[in-house]
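In what follows, a single structure is set out as structure tokens and then discussed.
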Amino acid sequence: MHLEKSPIEKKPIIVAIDGPAASGKSTTARILADKLGYIYIDTGAMYRSVTLKALREGLLDDLRKDESGISRLLRTITIGFQGDRVILDGEDVTEAIRENQVSREVSFISSLKLVRDKLRELQQQMGRKRGIVMDGRDIGTVIFPDAELKIFLVADPAERAKRRHVELSLKAGGAAVPSLEELEAEIKQRDRDDEERTHAPLKRHPDAVLLDTSNMSIDEQVNVVHDLVMKIVGQS
Ligand code: CDP
């Protein structure tokens, strides 16, 4: 029996979703990829994996003085995804990369040129067949400036702190989590660090569709992006 290919399969595209911390990128990207039958690539998880490895090897202090110390680590590192799981050098690090210490250091590690060069190469390789949803800070500007659909998600910092608080509280199962004020301060600091760095700073590509999710539900934001994809592949 011959099955007609859907427009999504005939013309696989790249959906690039960028935006600041806790703006809803990963949740939107994951659900959208699922709906489209696309592969989801969480580039933040890749930067977090490099950070975890650098922490485990005790490199952080030296790297602040001389970033070339990360070369050896980058030569041998392997980072991959198995469904929702993040695999670093063969080990499942999905939970470990969300720990506080990693969150505190990840903006520093991701400001290093050698790290960005390595991950750019890996990410471009992962997307070469298209049919992916990739989220991060520089996907539309640096990794895939030719992505057929670029989205820039924003939300106000207080709302983002609330979302992060709910997420952490659910995971903590009753254990203490940082206050809303602490989370908002941390989010604002990370936004500043990501926007002000020299290499691939967080910024909106002029073609990216700006979506403010402050007052949107997850379903609403997924639907908006899904409709845009359908328009591009000519299915609406
Ligand atoms: O915590 P949240 O989910 O918002 O962030 P993430 O997507 O896990 O990314 C963590 C950090 O990695 C960001 O704050 C950036 O410093 C860095 N990152 C980056 O520089 N470029 C990317 N494409 C993705 C993440």
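This structure is a prediction, so every number in the text was calculated from the model and none was measured. Numbers here are sequence positions counted from 1. Counting starts at 1 for both ligands and their atoms, in listed order.
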Record the part of [X] in heavy-atom contact with ligand 1 below 4.0 Å; permitted values are side chain, backbone, both and neither.
X: Met46; value: neither
X: Arg163; value: neither
X: Arg137; value: both
X: Ala21; value: both
X: Arg197; value: side chain
X: Arg98; value: side chain

Whether over 12 other heavy atoms sit under 6.0 Å from Asn215 CG: no

Over 12 non-hydrogen atoms of neighbours within 6.0 angstrom of NZ in Lys35: yes

Residue and atom name of the nearest protein heavy atom (relative to [atom]), distance in Å to one decimal:
atom: atom 21 (N) of ligand 1; value: Arg116 NH2, 3.0 Å
atom: atom 2 (P) of ligand 1; value: Arg164 NH2, 3.7 Å
atom: atom 9 (O) of ligand 1; value: Gly44 CA, 3.6 Å
atom: atom 8 (O) of ligand 1; value: Arg48 NE, 2.7 Å
atom: atom 24 (C) of ligand 1; value: Thr43 OG1, 3.4 Å
atom: atom 14 (O) of ligand 1; value: Arg190 NH1, 2.7 Å

Cut-off 3.5 Å, side chains only: do [X] and [Y] have a donor facing an acceptor?
X: Asp42; Y: Ser26; result: no
X: Tyr40; Y: Asp34; result: no
X: Arg116; Y: Tyr47; result: yes
X: Arg104; Y: Gln101; result: no

SB check Asp135 Arg30 (cutoff 4.0 Å): no

Which atoms of ligand 1 are found less than 4.0 Å from any heavy atom of [X]?
X: Ser110; answer: 15 (C), 16 (O), 17 (C), 20 (O)
X: Asp194; answer: 13 (C), 14 (O), 15 (C), 16 (O)
X: Ser107; answer: 14 (O), 16 (O)
X: Val106; answer: 10 (C), 11 (C), 12 (O)
X: Ala22; answer: 4 (O)

Trace of the side-chain contact (heavy atoms from CB on, under 4.5 Å) decision for Val15 with Val229: CA-CA 8 Å; Val15 183; Val229 173; 3.9 Å; yes

Trace of the side-chain contact (heavy atoms from CB on, under 4.5 Å) decision for Val177 with Leu183: CA-CA 9 Å; Val177 295; Leu183 287 172; over 6 Å; no

Distance-minimising heavy-atom pair for Leu88 and Val93: CB-CG2, 3.7 Å

Stepwise side-chain contact (heavy atoms from CB on, under 4.5 Å) check, Phe81 with Val86: CA-CA 5 Å; Phe81 296 93; Val86 185; 4.1 Å; yes

Within-cut-off N or O pair, Ser26 and ligand 1, under 3.5 Å: no

